[in-house]
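Predicted model, so just to flag it, every value in this text is computed and none were measured.
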Amino acid sequence: MSDNQVDFQLSADDKQAIMDAAALIQSKLTQMVSLSPEERIGGLQLGTKSFGHIEKISDYMDQNPHLIPSYVDVAAFKRDVQVVRDLREINRVLEPLVQSISDTAMVAGIEAMTTGMAFYNAVKVASKNNAPNANVVYADLKERFVRKGRTTNTTTPPKGE
């Protein structure tokens, strides 16, 4: 077998502390918005260059208030700019952590599946050799690998239609 890259246990207390910290973060970010996948794809994207442009606009608004149209809510604009700054900073801290959690879970899952498949293959051989309980265990585990047959149209239209 290969090395076990993920070899630790998360204590119940540590897991609960992490879950509590996540709940605290969620409780502080009550105004968050959730977009659908379509909205994410179709919406205006705000990259680093675009946000830099918005900050430049904000500076020009401060320097030239006489150029601001009366219909522009400057206070709302300033709040939006600040919340983007704040959330981007929070995201820079949390995103690598979330990615690391996801990557670690993936590697641990692959390791578990690899070990599990070694057991499954051993049970398969044991079942062929009629080892005690092997047939029952194998019958249950092989359900995961049963392929569903493709449905085919059993009625064929007559020729010429």
So with a 6.0 Å cut-off around [atom1] of [X], is the heavy-atom count from everything else above 12?
| X | atom1 | answer |
| --- | --- | --- |
| M117 | CE | yes |
| F51 | CZ | yes |
| D59 | CG | yes |

**Asked** Under 3.5 Å, is there a donor-acceptor pair linking the side chains of Q16 and D20?
**Response** yes
At their closest point, which heavy atom of [X] faces which heavy atom of [Y], and how far apart are they?
| X | Y | value |
| --- | --- | --- |
| L87 | M32 | CD1-CE, 4.0 Å |
| E111 | D3 | OE2-O, 4.0 Å |
| Q63 | P65 | C-CD, 3.5 Å |
| V74 | M61 | CG2-CE, 4.0 Å |

Looking at [atom1] of [X] and [atom2] of [Y], how far apart are the two atoms once the value is rounded to the nearest 0.5 Å?
| X | Y | atom1 | atom2 | result |
| --- | --- | --- | --- | --- |
| M19 | L24 | CE | CG | 13.5 Å |
| I68 | F77 | CD1 | CZ | 9.0 Å |
| I90 | K28 | CD1 | NZ | 12.0 Å |
| K15 | Q9 | NZ | CD | 12.5 Å |
| E38 | R40 | CD | CZ | 9.5 Å |

Under 4.5 Å between side-chain heavy atoms, counting indirect links through other Ile/Leu/Val/Met/Phe/Trp/Tyr residues: same cluster for [X] and [Y] or not?
| X | Y | result |
| --- | --- | --- |
| V72 | I54 | yes |
| V6 | I101 | no |
| V84 | I57 | yes |
| F145 | L141 | yes |
| L94 | V83 | yes |

Quick check: do [X] and [Y] have side-chain heavy atoms less than 4.5 Å from each other?
| X | Y | result |
| --- | --- | --- |
| V107 | D103 | no |
| I110 | T114 | yes |
| N4 | T115 | no |

**Prompt:** Got a sec, which pairs hit side chain to side chain donor-acceptor pair (under 3.5 Å) with one end in residues 135-145, sequence neighbours left out?
**Reply:** S127-N135
**Asked** Does anything in residues 70-84 pair up under side chain to side chain donor-acceptor pair (under 3.5 Å), and if so which pairs, sequence neighbours excluded?
**Response** S58-K78, D62-K78, Q82-R85, Q82-D86
**Prompt:** Do any N or O atoms from the side chain of S102 and from the backbone of V98 form a donor-acceptor pair under 3.5 angstrom?
**Reply:** no
**Prompt:** Is a side-chain N or O of S100 found less than 3.5 angstrom from the main chain of P96, in a donor-acceptor match?
**Reply:** no
**Message:** As a quick check of understanding, evaluate side chain to side chain contact (heavy atoms under 4.5 Å, CB included) for N64 and H66, giving each step before the final call.
**Reply:** CA-CA 5 Å; N64 301 283; H66 63 283; 3.6 Å; yes
